[in-house]
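What follows is a set of notes on a single structure, which appears directly below.
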Number of protein chains: 2
Amino acid sequence: MPEKVTIATVARRARVSRQTVSNVLNAPHIVREETRLRVQEAIAALGYRANQAARQMRTGRSRLIAVRIEPTRDGINGSVLDRFLHGLTETAETAGYRTMLYTATDDQQEIATYDDLLSSYELDAFVLTGTDHGDPRTAWLAARGVPFVTFGRPWDAPESHPWVDVDGAAGTAAATAHLLAAGHRRIGFVGWPAGSGVGDDRRTGWHRSLVAAGVDPVGLDRQTPDGIAEGERVARELLDRATPTALVCASDSLALGALQAVRARTPAVPVIGFDDTPVAGAIGLSSVSQPLGEAAARCVDLLTAVLDGSHPATDHVLLQPSLVLRHTT
Amino acid sequence: MPEKVTIATVARRARVSRQTVSNVLNAPHIVREETRLRVQEAIAALGYRANQAARQMRTGRSRLIAVRIEPTRDGINGSVLDRFLHGLTETAETAGYRTMLYTATDDQQEIATYDDLLSSYELDAFVLTGTDHGDPRTAWLAARGVPFVTFGRPWDAPESHPWVDVDGAAGTAAATAHLLAAGHRRIGFVGWPAGSGVGDDRRTGWHRSLVAAGVDPVGLDRQTPDGIAEGERVARELLDRATPTALVCASDSLALGALQAVRARTPAVPVIGFDDTPVAGAIGLSSVSQPLGEAAARCVDLLTAVLDGSHPATDHVLLQPSLVLRHTT
DNA sequence: GGGCAAGATTGGATCGTTCAAGTTGCTGGA
DNA sequence: TCCAGCAACTTGAACGATCCAATCTTGCCC
């Protein structure tokens, strides 16, 4: 078992003081080149790595970022978070940060977890996913001056904190436009109940596109909580009453249900989902794809900008989704 | 901004020394009850939380567990890891540990990451997923005496380290037995190339069941790398040449492909997949379901047993999967 | 060659916790 | 009476890094 390598070991080998080694690591420009090279050689030869705990105790910074991992709800949309998480971990690593996970069942418990993570581990920042109207979590974090980024817009006050989001309206608009271009007029929308920022946003894109094309959207949309069975139920009803010739959906779960309704009724009706989940790819469902890897990278960019003190040019990023066409159109 | 609460703050308020506070936290039995209550009252009143970095510096333990997050490969099996991760984080939290993520592209790079995480963050333990024959990672960790658990058996030396796994052979055996009970005799198997522990195990269950029922399995199985297209290709060939009346598959990806082949050829042939992924649930594919939450919990159990010094009764756990029947049978 | 300033290096203090060794006060046996 | 033995608590030192202030080099100019 090799002896533990500390900054003192490196200093002895390079025949300099501890402080000089520290300077090579944290402020290389103030160390003479010859000395710096000697120290770096010693670091490499000994395989030295700075002890984070000791560094953290002195500086108060842990180089740790926390993200919440949610229980996979209906299982279909779960992979969205999964892909985002992977991107986040990867980008954070290259920026010198590590990712820590936590779970929470409700906002209140999540806030208690923030408190614990902050005082026990001195986390540098949080990444929140899926914010909603009047989110108490962002208010709590902002009040204590804790750095954080949300993946998802703050639907109340647009400029209150850094965020990254994907333009959902543009996604459904593109889907609708594609169907319009294919000659469809009566394009239905299967979405979530009004009130959720994300859901309303996705509905907006469909609505806007239809109006722009001179089609009256009244009566062509339905609302339901997310789920395959729910999607099938409302799509069935929508097909019967409003006789749309194509459907745009707020999620792949809903689209999957809609697809089953369509197959039972009028097989020629195309369906487009949202999120481009593995399920969509597997069954050939056209869907709106979010650039999750890039979203994660932008989150890390914004965070490091705040943490390293450099004020970024922008404090929010809106990414464009893309339409992935498969069999169902 | 309230002043930082340290062990000294608590000590002052409870009119005891720092060490007594520390004893209340780490060895309550050696402190007189009256004093202990006074200290606990002070801790609660001040909202004190032990600083992990300082504790870690002294004890060398971080109460941190690392898990690798893999890039979702074909996207279907990704959710397996996702569900496992969630369970792991949740159980670890209740045991007083936090979960840290890392990424790696190959074994060599992953080992370099171990080295970094160990010397920089002094991680307490690792959880590895998907080990294989002669895995260099477990050898490296074992050689340095780093605690770790694998989710997946060590296929070479069964007793070399703690592990948790799901009995894949039992899963495919149950699937095959179900089909036999339904009157099928010529039951085909679509699996992975020989050599992977997991793949061979799953094939074994099918093989064993057929032999036990007096059916000759020769010629009834095919091998291919994982994937939907791959599954469809070999299933098509298998259906043409060996005319099986039912199919058991080593993964949901393969099963999905097989299902497409079946629909194109002989729609009545039932198909059973493996992993019970969201895709299976969505399209009504019968599948073998792994108890991932429990597997994660058992991993944490084994780790805490090692870390807290108490030798556990067993150092490995083999869980039983269950068969989830849907439309495709 | 001496003085001086800028730059490079040094030693000591510090972060918050736990370990090791010490102090105090009390009990009980010779 | 005296002190060993114990329980309960206190004090000083240490973990490994960075910050701060002081000291030492070096180059340069007069």
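Letters A, B, ... mirror the listed sequences (proteins, then strands); counts begin at 1.
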Apply side-chain hydrogen bond (donor to acceptor under 3.5 Å, both in side chains) to the pair A:Gln56 and A:Tyr121, showing each step before the final yes or no.
CA-CA 9 Å; A:Gln56 173 183 348; A:Tyr121 288 91; over 6 Å; no
Would the distance check show the side chain of [X] and the main-chain N or O of [Y] forming a donor-acceptor pair, the cut-off being under 3.5 Å?
| X | Y | value |
| --- | --- | --- |
| B:Thr89 | A:Thr103 | no |
| B:Glu70 | B:Leu81 | no |
| B:Arg38 | B:Ala14 | yes |
| A:Asp165 | A:Arg153 | yes |

Using a heavy-atom cut-off of under 4.0 Å over every strand shown, decide if B:Ala53 touches base, sugar-phosphate, or nothing.
nothing
What is the distance from [atom1] of [X] to [atom2] of [N], rounded to the nearest Å?
| X | N | atom1 | atom2 | result |
| --- | --- | --- | --- | --- |
| A:Glu122 | C:dC15 | CD | P | 13 Å |
| A:Ile7 | C:dG11 | CD1 | C1' | 14 Å |
| B:Arg32 | C:dG25 | CZ | P | 13 Å |
| A:Arg55 | C:dG16 | CZ | P | 18 Å |
| A:Lys4 | D:dA14 | NZ | P | 16 Å |
| A:Leu25 | D:dC19 | CG | P | 12 Å |
| B:Arg18 | D:dG12 | CZ | P | 9 Å |
| B:Asn23 | D:dT11 | CG | P | 14 Å |

Toward the 5' end of DNA chain D, which comes first, A:Ala8 or B:Gln19, by nearest nucleotide?
B:Gln19
For [N] and [X] - does any side-chain N or O of the residue sit under 4.0 Å from the phosphate oxygens OP1/OP2?
| X | N | result |
| --- | --- | --- |
| B:Thr6 | C:dG16 | no |
| A:Ser22 | D:dT18 | yes |
| B:Tyr121 | D:dG16 | no |
| A:Ser17 | C:dG11 | no |
| A:Thr59 | D:dC19 | no |

Angle, rounded to 10°, between the helical axes spanning five pairs at each terminus of the helix from C:dG1-D:dC30 to C:dA30-D:dT1?
70°
Short side-chain donor-acceptor distance under 3.5 Å, A:Asp116 and A:Ser120
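Result is yes, a qualifying pair exists.
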Does any N or O donor sit under 3.5 Å from an N or O acceptor when you compare the side chain of A:Gln56 with the base of C:dC15?
no
Determine whether a donor-acceptor pair (one donor, one acceptor, N or O, separation below 3.5 Å) exists between the side chain of A:Arg58 and the base of C:dG16.
no
Would you find more than 12 non-hydrogen atoms of other residues, nucleotides or ligands less than 6.0 Å from B:Arg15 atom CZ?
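Not buried by this count: 12 neighbours or fewer within 6.0 Å.
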If you only use heavy atoms from C-beta on, which nucleotide in D:dT10, C:dG16, C:dT9 is closest to the side chain of B:Ala54?
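Of D:dT10, C:dG16, C:dT9, C:dG16 is nearest to the side chain of B:Ala54.
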Set of side-chain hydrogen bond (donor to acceptor under 3.5 Å, both in side chains) partners for B:Thr20, sequence neighbours left out:
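For B:Thr20 the side-chain hydrogen bond (donor to acceptor under 3.5 Å, both in side chains) partners, ignoring immediate neighbours, are B:Ser17.
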